[in-house]
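First up is the structure itself, then whatever we jot down about it.
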Amino acid sequence: MLETGARAYRIRGGRPLNGAIRAQTAKNAVSKQLVASLLTAEPCRLLDVPDISEIELALGMLMEIGATVSRDGSGAIDIQTADIASTAIGQRYSGVNRLPVLLIAPLLHRAGVARVPVVGGDHIGERPIDFHVALLEQMGARIDADRDGYTAKADRLRGAVIHLPYPSVGATENAIQAACLADGTTVIHNAAIEPEIVDTVLFLQKMGALIQIETDRKIVIEGVDRLSGTTHRPIADRIEVASFAMAAVATGGRVRIAGADQRTMVTFLNVLRKVGGGFEIVDDAITFFRAGDALRPIHIETDVHPGFMTDWQQPMVTLLTQAEGVSVLHETVYENRFGYTRTLNDMGANIALSTACLGGKPCRFRERNFPHSAVVQGATPLVGRRIEVPDLRAGFAYLLAALIAEGQSEVLGARFIERGYADIPGRLASIGADIDVVPSLESDLAAQ
Ligand code: EPU
């Protein structure tokens, strides 16, 4: 299901969501673990892999390299790359996501050469890969960039002391993967420590890697000679859990999410409580609901972990359109992640963007003219509309807007949402949403 086709969701809003769902495992852990499986010739098994198109993309790239993949009905994926069949990732993967740059280090370890296309992903900022290139070069890779991609060569990668200019998730993952089988020790300073990274570290430790997460964003990796196959159940998707949690609160319903993990969501749960959301944590499930009558405004600054995730920001803005008063959001991770608010305004929201830093956190976008702060004046009723999804997380913000809006919405570009959220129509319908899938010509055009 590489191309999910031209689909739209038709939603009639105004119904509270009530019921129970199970959290999927984290897209941003599973996809990296599939890539990391390339560090061994032995078989690896990942359990409960979500049925999302991002995973299909990852598997497609890995199969091009020579991976054999099999699945059983339980959601488990067995993957093994006994031999490297190709060291090049095809141009058809150019610009689709962030994974090609993470394939460089495993390919260098296995074959000494890698050719990957230009990386892409959601259009939420420039998203350069300068940190990745610099750290790989520091570890001994020679990298040539041309218009279509990157060619990397290295007989051996060697340990290095890496200072990341910013705690980038992808660059940290790249350095860890490169370091596991490198000669000597690698130290990463200013590393990202997102739970998905820690989960991939656990996966690599099971494979035989020596990775130490120390205090102050320092990760130390001692290179080993070989890694072996393993089995792993990835962590729950804290972005998906938060998205459904906000849907429960915004619609005034009550949703139990099995598998939701409080430990990875402490910051989100604090914010949700402050805005008037309620939650109960029992065993391995969290139930979300509206705690009082009115939602309250709040000031949020997105940040790297353990801060408020940039991927929680978009549905939170939709939720805050329903809070009484002025909320302020300062986005410090991506410079251009508020474009979707225009459509919310078209639906009746009152959101103003500002290039100023509306908050006190250190921010790389200060005085650089990026509209990276938002002021939300609530509460405003929303009205159903025909809306076109620009990217994955904005997509859920629109779904949420459609769920609380008066009347009918048509959400075009479902394929963006289906990159990261499994079976949205089925799962939303199972908790009471009035949603169905319709063909859509418009998203066909957008896909080109
Ligand atoms: N950055 C650079 N140079 C680099 C790398 C990053 O300047 O070489 C900058 C980026 O432009 C951005 C910041 O550093 O401003 C953070 O980017 P990071 O590298 O941390 O992000 P990423 O690894 O590309 C992952 C997730 C994103 C998530 C971010 C932040 C995956 C596949 N993607 O992206 O998830 O928003 O970390 O937590 O893991 C999503 O799931 O919808 C999504 C966009």
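Just so you know, ligand 1 is whichever comes first in the structure, and atom 1 is the first atom listed for that ligand. As the structure is a computational prediction, the values presented were derived from the model and not from experiment.
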What protein heavy atom sits nearest [atom], and how far off is it?
atom: atom 41 (O) of ligand 1; result: Arg393 NH2, 2.8 Å
atom: atom 29 (C) of ligand 1; result: Tyr334 OH, 3.3 Å
atom: atom 12 (C) of ligand 1; result: Val333 O, 3.4 Å
atom: atom 1 (N) of ligand 1; result: Phe131 CE1, 3.6 Å
atom: atom 28 (C) of ligand 1; result: Asp311 OD2, 3.3 Å
atom: atom 19 (O) of ligand 1; result: Ser168 OG, 2.6 Å
atom: atom 32 (C) of ligand 1; result: Asn28 OD1, 3.5 Å
atom: atom 23 (O) of ligand 1; result: Gly170 N, 2.8 Å

Could you tell me whether ligand 1 has any atom less than 4.0 Å away from a heavy atom of [X]?
X: Glu196; answer: no
X: Glu240; answer: no
X: Ala192; answer: no

Full working for salt bridge (Lys or Arg N to Asp or Glu O under 4.0 Å) between Asp303 and Lys361: CA-CA 8 Å; Asp303 205 351; Lys361 281 192 187 286; 3.3 Å; yes

Leu399 side, atom CG; Thr318 side, atom OG1 - distance, nearest 0.5 Å: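 So the CG of Leu399 and the OG1 of Thr318 are separated by 9.5 Å.
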
CD1 on Ile143 to CD1 on Ile104, rounded to 0.5 Å: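 It comes to 5.0 Å.
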
For ligand 1, which atoms have a heavy atom of [X] less than 4.0 angstrom away?
X: Leu392; value: 42 (O)
X: Arg364; value: 9 (C), 13 (C), 14 (O), 15 (O)
X: Lys32; value: 31 (C), 32 (C), 39 (O)
X: Lys27; value: 40 (C), 41 (O)

Mode of [X] contact toward ligand 1 - side chain, backbone, both, neither (heavy atoms, under 4.0 Å):
X: Glu173; result: neither
X: His132; result: both
X: Val169; result: both

Matching residue for Phe396 among Phe244, Phe416, Trp312 - test: ring-ring contact (aromatic ring centres under 6.0 Å, His included):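 Result: among Phe244, Phe416, Trp312, Phe244 is the only option passing the ring-ring contact (aromatic ring centres under 6.0 Å, His included) with Phe396.
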
Trace of the salt bridge (Lys or Arg N to Asp or Glu O under 4.0 Å) decision for Arg427 with Glu240: CA-CA 12 Å; Arg427 293 160 86 215; Glu240 188 211 35; 2.5 Å; yes

From CA spacing to verdict: salt bridge (Lys or Arg N to Asp or Glu O under 4.0 Å), Glu335, Arg366: CA-CA 10 Å; Glu335 70 273 25; Arg366 188 174 294 276; over 6 Å; no

Contact check: Pro128 vs ligand 1, nitrogen or oxygen atoms, below 3.5 angstrom: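 Yes, at least one N or O pair falls under 3.5 Å.
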
Ligand 1 N/O within reach of Tyr166 N/O, cut-off under 3.5 Å: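 No: no nitrogen or oxygen of Tyr166 is under 3.5 Å from one in ligand 1.
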
Geometric class of the Phe365/Phe370 ring pair [parallel <30°, tilted 30-60°, perpendicular >60°]: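 Judged by the thresholds at 30° and 60°, the geometry between Phe370 and Phe365 is perpendicular.
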
Phe288 six-ring face occupied by Arg256 cation (under 6.0 Å, within 45°):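 Here Arg256 fails the 6.0 Å and 45° test against Phe288.
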
Exercise: identify the closest heavy-atom pair between Ala171 and Leu135: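 Ala171 and Leu135 have their closest heavy atoms at O-CD2, 3.4 Å.
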
Expected output: side-chain Glu388 to main-chain Val411 donor-acceptor under 3.5 Å: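 Between the backbone of Val411 and the side chain of Glu388 there is no qualifying donor-acceptor contact (under 3.5 Å).
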
Given Tyr340, Tyr398, Tyr421, the one that forms side-chain hydrogen bond (donor to acceptor under 3.5 Å, both in side chains) with Arg393: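 In the set Tyr340, Tyr398, Tyr421, the residue that makes a side-chain hydrogen bond (donor to acceptor under 3.5 Å, both in side chains) with Arg393 is Tyr421.
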
